[in-house]
Amino acid sequence: MYLYNSATHKKELFTPNDPSLVKMYTCGPTVYHYAHIGNLRTYIMEDVLEKALRYQGYPVKRVMNITDVGHLASDADTGEDKMLKGARREHKTVMEIAKYYTDAFFADCDKLNIKRPDVVEPATNCIDEYIHMVSVLLEKGKAYLAGGNVYFDTSTLEKYYVFNDHDEEDLAVGVREGVEEDTNKRNKNDFVLWFTKSKFEDQALKWDSPWGVGYPGWHIECSCISMKHLGDDLDIHCGGIDNAFPHHTNEIAQSESYLGHKWCNYWFHVHHLNVDYGDGVSKMSKSKGEFLTVSLLEEKGYDPMAYRLFCLQSHYRRNLVFNWENLDNAAAAYQKLVAKIAALKPEGEVDAAAFDSLKQRFVGALDGDLNTSLAVTAVYDVLKAKCNDATKLAALADFDYVLSLNLIPAAQALQKKQAQEEAASADPEIDALVAARTAAKKAKNFAEADRIRDELKAMGVEIIDTPQGTKWRKV
């Protein structure tokens, strides 16, 4: 499998440190509000990556954090803690907010067939680990105390910007545009490892530390949670492209300074879901236009699988534009796909050679930097293939382990619905006439068959002859 590595800006053959266990880390949500569908696009694609690895025989251990402290409004070190903001908005405690929105996030994941990671760790569970890492970084001269807070010193690094090229002079004292200056910092890209009460007097969550009562910075939690559950070497780190800087950049800085060696081999970043609000395309946010959640899609009558298919139809490294017309197209494509599968009959034996040929195309799509668009095309190739239905159904079920579009269950549900509708509309008199016409045709009494057809037509019944038998409907 070849994957694009954001750290090297090229596709690389995926080679885990230990073939017996792929160690995969996913940046989890900050649980101060519902996840919008842009957030969930990232989790869908990470889910596909994990399932693709498992599908190809790799054992995977995937770890995800839940951010319930330390994520400030700017994604850097300014503004208020998002969790405190959420608690104030809803007049609840931070822990009540965290519990409610963690449950809501996983409910959305269930609707979208996103597998729960093997380990889910709230940030507030690992205070001792943060304190230990900060202490080691101070001992190594990679961090400093200023204004009561502990900062990571980016000037101690040979290279700070690992995902994008910047001039080293950017490390000079100053501020990024639009971000308030923290005068405690020696360099503008230094970042907080541990806040004390000097930052916020009213911080809801705080703990004792060697540097005073306080709480961890956002970036340190992912490093420590990953090392706690996956050890000192990480194969794949996943997240949205907006996390590449500063969050993932800072994770690498502190982790490799702490460990003294390379930390993570592959960085997998999912690009933005942009939205067309009618006044131009822009990045999806919780504050502009409709707050687009899975629940809102359901309220408008959309199957969450239509949104999953919408995401899979595009490559994860391309920005994807959401509007209702595009989602309507995906919903229609999903319904047609399910209907075609529902028409298949599980008859005959699976043709192993045909199955392997179909699977080869699907695996080729996954191996080419997780090209889900081609993987979906491979599903349509199955439906057009010259093999029996049993082979097609086996291939579709096999592929859907990765795609997770509920293809077979949805088709079975449609078959059941169609059968119920047929039963509800059954008419013994019409059924008897149709059976008599069929018998007449079989006896080559075509005059009688035509007479019965005309009689049915006069009753407002249309006859439809299909390879599966004769059907009728009232017109």
Side-chain angles (χ1 to χ4, degrees), residues 1 3-8 12 14-31 35 39-54 58-71 75 102 105-106 109 114-126 129-130 132-133 162-163 193 216-259 261-271 316-317 370:
M1 177 183 285
L3 291 175
Y4 182 85
N5 188 348
S6 300
T8 61
E12 298 177 357
F14 176 67
T15 308
N17 288 307
D18 179 358
S20 67
L21 183 64
V22 173
K23 299 176 181 180
M24 181 176 176
Y25 186 84
T26 298
C27 276
T30 300
V31 285
N39 305 136
L40 290 162
R41 181 199 183 190
T42 297
Y43 295 107
I44 287 171
M45 302 315 297
E46 293 165 345
D47 177 68
V48 172
L49 174 59
E50 178 189 356
K51 288 172 178 172
L53 290 167
R54 293 181 184 275
Y58 289 105
V60 179
K61 183 177 182 181
R62 182 178 172 202
V63 175
M64 185 175 78
N65 67 302
I66 295 291
T67 296
D68 54 3
V69 68
H71 189 177
D75 287 354
T102 298
F105 170 74
F106 283 115
C109 288
I114 298 170
K115 175 183 172 293
R116 190 182 180 103
D118 302 287
V119 177
V120 177
E121 183 82 270
T124 49
N125 280 6
C126 300
E129 285 83 357
Y130 310 144
H132 174 72
M133 179 176 279
V162 292
F163 298 113
L193 299 168
W218 175 38
H219 312 296
I220 199 168
E221 67 180 72
C222 288
S223 294
C224 289
I225 291 172
S226 173
M227 291 179 197
K228 176 180 178 180
H229 296 286
L230 297 172
D232 295 347
D233 296 291
L234 183 61
D235 291 306
I236 307 176
H237 196 307
C238 304
I241 189 64
D242 51 326
N243 282 335
F245 184 84
H247 185 45
H248 293 162
T249 302
N250 292 347
E251 282 186 56
I252 292 171
Q254 66 200 7
S255 298
E256 296 189 353
S257 295
Y258 170 80
L259 293 168
H261 59 73
K262 185 176 182 179
W263 175 45
C264 179
N265 288 335
Y266 301 89
W267 289 83
F268 179 90
H269 286 118
V270 181
H271 283 233
Y316 75 90
R317 284 194 295 111
L370 208 70

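Shown here are the salt bridge (charged side-chain N to carboxylate O under 4.0 Å, His left out) partners of K51, two or more places apart in sequence or in another chain: D47. Under the rule for a salt bridge (charged side-chain N to carboxylate O under 4.0 Å, His left out), the partners of K115 that lie at least two apart in sequence or sit in another chain are E50, D118.
No side-chain heavy atom of S223 sits less than 4.5 Å from a side-chain heavy atom of Y258. Two residues are said to be in side-chain contact when any heavy atoms from C-beta on lie closer than 4.5 Å; D18 and K23 fail this criterion. The shortest side-chain heavy-atom distance between N39 and F105 does not fall under the 4.5 Å cut-off. Annotation: side chain of E251 is in contact with side chain of H248 (closest heavy-atom distance under 4.5 Å). Between L3 and L49, the closest side-chain pair of non-hydrogen atoms falls below 4.5 Å. Put simply, the side chain of P216 reaches to within 4.5 Å of the side chain of V69, judged on heavy atoms.
Checking side-chain atoms of Y316 against main-chain N and O of F268 turns up no donor-acceptor pair under 3.5 Å. Judged by distance alone, with hydrogens and angles left aside, the side-chain atoms of N5 form a donor-acceptor pair with the main-chain N or O of N265 at under 3.5 Å. Using modelled atom types, no side-chain atom of S226 and backbone atom of C222 make a donor-acceptor pair closer than 3.5 Å. With hydrogens and angles ignored, the 3.5 Å screen pairs no side-chain donor or acceptor of R62 with any backbone N or O of T26. Without hydrogens or angle criteria, D235 side chain to N17 main chain gives a donor-acceptor distance under 3.5 Å. A donor-acceptor pair under 3.5 Å is formed between the side chain of N65 and the backbone N or O of G28. Panel note: side chain Y4, backbone H269; no donor-acceptor pair is recorded below 3.5 Å. Between the side chain of R41 and the backbone N or O of G240, no donor-acceptor pair lies under 3.5 Å. Side-chain atoms of T249 come within 3.5 Å of backbone atoms of A244 as a donor-acceptor pair (strictly under, hydrogens ignored).
For the 3.5 Å distance criterion, the side chains of Q254 and H219 fail to qualify, holding no donor opposite an acceptor.
Considering CE of M24 and NZ of K61, their distance stands at 14.5 Å, rounded to 0.5 Å. Atom-to-atom distance recorded for W263:CH2 and D232:CG is 11.0 Å, nearest 0.5 angstrom. In this structure, CD1 on I114 lies 5.5 Å from CG on L40, to the nearest 0.5 angstrom.
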